[in-house]
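Positions are given from 1 along the sequence.
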Amino acid sequence: MTPEDADDIWALYNLISAGDEVECVTMRKVLQESSSGEVVDSQKIKMVLAVRVEKLDVDLSNASLRINGKNVKENRHVKLGSYHTLDVGPGRWVKLTKPAWDALSVELLEQALANAGKAEMGAIVMQEGLAHVCTLAPTGTRVLQRVEVTMPKRKIGPTSQSEKAMEKFQTLCLEAMLQHIRFEALKAVVIASNADSLRDDLYRRLIEHAQSKDVKPILENKSKFMRVAVASGQPTALETVLKEPRIAAILADTKAAIEARVLDAFHKMHNHDPERTTYGAKHVESATEQCAVRQLLLSDALFRSTNVDDRKLFAKIVGTVRENGGDVVIFATGRILKWGCRSCRGSRRSSISPSRIPSPVKVKIFACKS
């Protein structure tokens, strides 16, 4: 496989699990020793290495994936069992070997291939001193860059420290949008903030920059820009953006919009007819065995589990629900409900309203019953 952009890197991150074997071209510092064993020189050498994955780190702002593990193939420069970190980015081929390709892994791969390069909306969500640049694609929401500037208390005077900090903040937001958002390829570009002045000022700066530098992708797509009010500069504020009628109409078929509608429907069902909802692996599996699941909701993080038995269980649940005619919605990491409580984890306390459950923890699998 050869990833082409940040979305492909994210898909690869979801696809690779601990215990998989990953092979690609890499650079390795090699020491040269004398006959007595003393190090006389060192140099970086380009080579092909394969590692058994132990740890993954993804950086979407730089479209890079770091894969750490032990070398598993003979190499005259690197001993078997030596640790190495592979750096994977756009344009760099990768060979992935799994102990077993389960149905969910195949589905993730097919989704990535089908949705390559299909980001639907670009957005920046802001509050004073904090912003996140995101894209929404069929595979989910991606945070590409976080912008943060410490904002001092406001003081009287035209050149106060707060105004200088705000100038810096707006400049960094502008640069982040120019770096990450492909204006010509998107259906909509959203500038969202909790204050009118923030989004209006950034939009003005963006247009002025495009006019002065003759940036045609911006000037020719001004009609795509939308300014939306949100509660904060956190990525979760995009939930509000997706409920805007004009944006919902444009993005009706995207994964992010579908996820938002499904979660909203689950909340309503749980509040008004709680006996038709359940959550947690044990209870969802039981409902599945009774052919009682109409809609299954689960996080893609479940399929990165290092426990093979867990992965097999979730793959089995998904397969059974589909065989019985149910719908399956797999949420991108970070978009699943943060719901549940330590005191009732593993028990079915569905009569409790989500807003009243204490000590929230992340629950990753839900079901709506027939």
Side-chain angles (χ1 to χ4, degrees), residues 9-22 51-58 65-70 72 96-112 139-140 255 259 262-263 266 270 277-324 326-350 354 357 359-369:
I9 293 295
W10 178 253
L12 200 56
Y13 171 69
N14 283 320
L15 192 59
I16 298 173
S17 304
D20 292 349
E21 184 180 304
V22 177
V51 302
R52 179 155 287 111
V53 180
E54 293 187 9
K55 184 181 178 182
L56 289 167
D57 290 302
V58 67
L65 177 63
R66 291 173 61 83
I67 305 168
N68 180 259
K70 292 181 180 179
V72 294
L96 172 62
T97 304
K98 285 180 170 289
W101 282 84
D102 57 40
L104 267 299
S105 295
V106 173
E107 181 171 331
L108 288 172
L109 180 58
E110 290 176 344
Q111 277 187 0
T139 49
K255 183 176 176 66
E259 287 177 0
V262 168
L263 282 178
F266 182 88
H270 183 78
T277 64
T278 191
Y279 53 88
K282 178 181 177 181
H283 299 291
V284 170
E285 182 184 17
S286 176
T288 302
E289 290 172 351
Q290 298 173 55
C291 301
V293 176
R294 178 174 59 82
Q295 189 170 57
L296 177 69
L297 291 64
L298 67 166
S299 166
D300 61 7
L302 295 172
F303 304 103
R304 289 199 298 275
S305 171
T306 56
N307 188 312
V308 176
D309 290 336
D310 284 349
R311 287 176 59 88
K312 288 181 178 178
L313 170 63
F314 298 129
K316 176 186 174 184
I317 290 173
V318 169
T320 302
V321 169
R322 285 180 171 157
E323 286 175 7
N324 294 334
D327 295 326
V328 177
V329 181
I330 300 174
F331 290 79
T333 303
R335 290 183 58 82
I336 195 68
L337 289 169
K338 289 187 178 178
W339 226 71
C341 68
R342 291 180 178 87
S343 61
C344 65
R345 192 187 307 180
S347 65
R348 194 189 179 291
R349 295 277 296 279
S350 61
I357 294 177
S359 305
V361 294
K362 188 173 287 188
V363 180
K364 297 178 180 177
I365 184 164
F366 303 80
C368 298
K369 294 183 179 180

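- You'll find the side chain of Val284 stays beyond 4.5 Å of the side chain of Leu298, heavy atoms only.
- Residues Ile317 and Val328 fail the side-chain proximity criterion, which asks for heavy atoms closer than 4.5 Å.
- Between the OG atom of Ser105 and the CG atom of Leu96 there is a distance of 8.5 Å, given to the nearest 0.5 Å.
- A side chain to side chain contact (heavy atoms under 4.5 Å, CB included) with Val58 holds for exactly one of Ile9, Asn14, Leu12; it is Ile9.
- Between Trp10 and Tyr13, the ring planes lie tilted relative to each other; the angle falls in the 30° to 60° range.
- For Arg66, the CZ atom sits in a loose shell: 12 or fewer heavy atoms of surrounding residues, nucleotides or ligands are nearer than 6.0 Å.
- Although no hydrogens or angles enter the test, the distance criterion places a donor-acceptor pair under 3.5 Å between the side chain of Lys98 and the main chain of Leu15.
- Each of Asn68, Ile67, Val22 was scored for a side chain to side chain contact (heavy atoms under 4.5 Å, CB included) with Leu56, with one residue passing: Ile67.
- Side-chain contact between Leu263 and Leu297 is present, with heavy atoms from C-beta onward closer than 4.5 Å.
- Heavy-atom minimum distance, Asn324 versus Cys291: ND2-SG, 3.6 Å.
- Distance OG1/Thr288 to NE2/His283: 12.5 Å, rounded to 0.5 Å.
- A heavy-atom distance below 4.5 Å is found between the side chains of Leu65 and Ile16.
- Looking at heavy atoms from C-beta onward, Leu296 lies out of side-chain contact with Phe314 at the 4.5 angstrom threshold.
- Atom CD of residue Glu289 and atom NZ of residue Lys316 lie 6.0 Å apart, to the nearest 0.5 angstrom.
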